[in-house]
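Numbered from 1 within each chain, the chains take letters A, B, ... in sequence-line order.
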Protein chains: 2
Amino acid sequence: MTASPEPQPLTGPVEDYLKAIYDLELVGSPASTNDIADRLAISPASVSGMVRRLADQGLVSHEPYRGVRLTGDGRRAALRTLRRHRILECYLTEVLDYPWDRVHAEAERLEHAASEELVERMAAALGDPVQDPHGAPIPTRDGRVEESALRTLAEAAPGEQVRVRRVHDKEPARLRYLAELGIRPGCHLRILDKAPFDGPITVWVEDAVGGATRAVGVGLAAQVYVESEGQA
Amino acid sequence: MTASPEPQPLTGPVEDYLKAIYDLELVGSPASTNDIADRLAISPASVSGMVRRLADQGLVSHEPYRGVRLTGDGRRAALRTLRRHRILECYLTEVLDYPWDRVHAEAERLEHAASEELVERMAAALGDPVQDPHGAPIPTRDGRVEESALRTLAEAAPGEQVRVRRVHDKEPARLRYLAELGIRPGCHLRILDKAPFDGPITVWVEDAVGGATRAVGVGLAAQVYVESEGQA
DNA sequence: AATCAATTCTAGGGTGACCTAAATCCCATC
DNA sequence: GATGGGATTTAGGTCACCCTAGAATTGATT
């Protein structure tokens, strides 16, 4: 039984790496150097260097040329950061009325500076939210998350009725556009049509005023995660 | 007329130096290397190095062996950081009910990460406060402050009645103790006695429940700024 | 089995921000 | 007007994090 011996503070970049690796590992396989580099907009060579340092600190295990996996410590650290990030996002939108599309960037900076105490105070003020404004689940204080495997809107079939559960949060422009379309976590969609050859997906947006028909390209649809609610 | 050309983001350490120099300059003379080093808990040699960099960036002017002064740009940057810091302190105490003595440390970290937008939203939520929880004035958006020259409690004479305007905020333990004594910005004191040879100052604390007599050492009294309200 | 492209790692650099130790400068005092 | 102590700067080093260029590895394809 290893007692948890004070999680010592990590640097901002380290926290960013751990989050990225956590995310990449979610799909199953270990995170590749290139994928990490892409996600952090950093050269692959720099990733190699940093991964060595992370491994030295016992946060990841690295099989050269094979990829990187979080250790127990690494995973715990990643989840702590993720919790901070997502609670900050909630607080910014709900209490400070921050615009949907700018919340991510602000939280991205604050998550490295905000203390556990601050974040827990925010969580308490919000009544311990369980998901952030983009539908991502918030890890609990003791590091549990239930990352449900969701399909994307791009994979839904015509005739299906779905509920939007989550959307990607990185790109403000896409978020603004989705908001314009009325597509947000929690809203209901009916898939009307799916054009061949990766063509646009036509959906009926239940929750728009009076309902509305919208066409969404596959690229965007792939960033919208849905859960089936039955056939038409 | 130099148009203000986007204040580019400064690093955390740079902001800390500028704040320190601003503070030291308040007493009139240019900031000395040693004083800056003391305040930031850094070696004097490191300060020399950093000051060169600050001068290169046009934020300070440095006369070797003579001290450092903020330039216009440097002063503006310092005041922006100070505004962020103090609004954060207000927000943390008033909205998130943060304990008086821990607010400073948290704000110290957040001030480097919080965007202008966030801080202004907080300020708006508070109705644009003009001073922080320790009584320090908050610079306006356009960089104005009125730093009133105050006497300290250590300088007050027996018989005087004073109002506490401001207390130093760096040391949590001292703040907690002052709070215990009932001494906070806004409270009223009557100086009952001042023991010789830097002995303790005995005060009547008006605002304590039913009023209370307290003795304060000079060291602590020197960190409490007061404004006279008349003689007994 | 050999080769080739993509991936990943190593080598070698650069910057910011810190350090200690050793000059150097200032000035108050003799 | 020399001198010594205190303040300051320079010299030289470390660490984290990033870079580009080039070498090494992989495994997919001939």
* Do other residues, nucleotides or ligands put more than 12 heavy atoms under 6.0 Å from the CG atom of B/Asp128? ->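 Enclosed: over 12 neighbouring heavy atoms sit under 6.0 Å from CG of B/Asp128.
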Is [X] close enough to [N] that one of its side-chain N or O atoms is under 4.0 Å from OP1 or OP2 there?
X       : N      : result
B/Tyr17 : C/dC18 : yes
A/His62 : C/dC9  : yes
A/Arg53 : D/dC15 : no
B/Asn34 : D/dG6  : no
A/Arg66 : D/dG27 : yes
A/Thr11 : D/dC17 : yes
B/Ser48 : D/dT9  : yes

* pair A/Glu106-A/Tyr98: side-chain heavy atoms closer than 4.5 Å ->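 They are in contact (side-chain heavy atoms under 4.5 Å apart), so the answer is yes.
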Atom [atom1] of [X] and atom [atom2] of [N]: how far apart are they, to the nearest Å?
X       : N      : atom1 : atom2 : result
A/Asp16 : D/dC18 : CG    : C1'   : 14 Å
B/Arg52 : D/dT10 : CZ    : C1'   : 9 Å
A/Glu63 : D/dT25 : CD    : C1'   : 14 Å
B/Leu24 : D/dA7  : CG    : C1'   : 15 Å
B/Ile42 : C/dC18 : CD1   : P     : 4 Å
B/Asp56 : C/dA17 : CG    : P     : 12 Å
B/Gln57 : C/dT15 : CD    : C1'   : 12 Å
A/Leu10 : D/dC17 : CG    : C1'   : 15 Å

* **A/Asp56 bridged to A/Arg53 by N-O distance under 4.0 Å** =>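 Looking at A/Asp56 and A/Arg53, the cut-off is not met.
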* **Contact nearer the 5' end of DNA chain D, comparing B/Ala45 with A/Pro44** =>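 Mapping each residue to its closest nucleotide by heavy atoms, the 5'-most match is B/Ala45.
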* **B/Glu111 and its salt bridge (charged side-chain N to carboxylate O under 4.0 Å, His left out) partner, picked from B/Lys19, B/Arg83, B/Arg80** =>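 Of B/Lys19, B/Arg83, B/Arg80, salt bridge (charged side-chain N to carboxylate O under 4.0 Å, His left out) with B/Glu111 is met by B/Lys19 alone.
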* Looking for any heavy atom pair under 4.0 Å, which part of the strands does B/Thr33 touch: base, sugar-phosphate only, or nothing? ->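 The answer is sugar-phosphate, as B/Thr33 gets under 4.0 Å only of primed atoms, P, OP1 or OP2.
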* Measure from the side chain of A/Tyr65, starting at C-beta and using heavy atoms only, and say which of D/dT26, C/dA17, D/dA21 lies closest. =>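 Given the options D/dT26, C/dA17, D/dA21, the side chain of A/Tyr65 is closest to D/dT26.
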* Check every atom of D/dC19, D/dC17, C/dC18 against the side chain of A/Ser43 and return the nucleotide holding the closest atom. =>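 That would be D/dC19.
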* Can the ring centres of A/His134 and A/His104 be said to be less than 6.0 Å apart? ->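 Ring centroids of A/His134 and A/His104 are no less than 6.0 Å from each other.
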